[in-house]
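What follows is a short report on a single structure.
Whatever order the structure lists them in is the order used to number ligands and atoms, beginning at 1. Atoms considered below: every heavy atom in the structure, side chains included; atoms not considered: hydrogens, waters and symmetry mates.
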Amino acid sequence: MTRKSAHARAELIYSRLEATYPDAKCALVFENPLQLLIATILSAQSTDKMVNTVTPALFKKYKSAKSFADADIADIEKRIHSTGFFRNKAKSIQNACRIIVETHGGKVPQQMDELLQLPGVARKTANVVLGVAFEKAEGVVVDTHVQRLSRRLNFSKEDRPQKIEEDLMKLFPRPQWIQLSHLLIHHGRALCHARKPECGKCPIEDLCTSPDKVMT
Ligand code: SF4
């Protein structure tokens, strides 16, 4: 496929997904950038649904980076226990909040390199915070759905999230980067499941040549 036709195909897939999922957005519930950062840290190896069950009480008790920084870590652990890996996550949240207080005046930084300095924050989390909380398109969020769909849709042949992200950034124009991941995540949840995708109902089936296709 030429570069031009790859871009045209990507554009077509984007517009069909956009028409299918006009309300696609981040599924995490949050009210400010700090809450989104913490919810995204909690979502690692968990689901947005599970995270949304623990965060209301967590955010009611801890309302600022300072309050997380000064918290009894055992209490944070207890409150986030059901999201898994709770000890590491509690430590990351508390240490990230300490840096936010000490270095950034209590406010979540808006630069990729500053976000990447925070414990528990890799590019995926940084892209979520930048894109969703600050509407800054610095990259593309590559989670497990985006990873799987990028390969199925031949947007990338890479396995590593960072390489997949680079391919997506070359294929799609910057103004689409934030919504692209929402659309792929929605499609992954709705139809393009890891096991047994529902290809018979898929709005982009004619554009997909994945060997994983299941036509029932
Ligand atoms: S045709 Fe099937 S494998 Fe391809 S994108 Fe649609 S649901 Fe996924």
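- Under the 4.0 angstrom criterion for non-hydrogen atoms, H187 is in contact with ligand 1.
- Looking at D48 and R189, a side-chain N of the basic residue comes within less than 4.0 Å of a carboxylate O on the acidic one, giving a salt bridge.
- For the pair D159 and K163, the salt-bridge criterion is not met [side-chain N within less than 4.0 Å of a carboxylate O].
- When all heavy atoms of L116 and A126 are compared, the closest pair comes out as CD2-CB, 4.1 Å.
- Here the shortest heavy-atom pairing between N52 and V29 reads OD1-N, 2.9 Å.
- Ligand-side atoms of ligand 1 in range of C208: 1 (S), 3 (S), 4 (Fe), 5 (S), range being under 4.0 angstrom from any heavy atom.
- Distances from atom 2 (Fe) of ligand 1 show that C202 has no N/O/S atom below 2.8 Å.
- Taking the six-membered ring for Trp and the full ring otherwise, the centers of F172 and F155 sit less than 6.0 Å from each other.
- Among protein heavy atoms, atom 2 (Fe) of ligand 1 sits closest to C199 SG, 2.3 Å.
- For C192, every N, O or S atom stays at 2.8 Å or more from atom 4 (Fe) of ligand 1.
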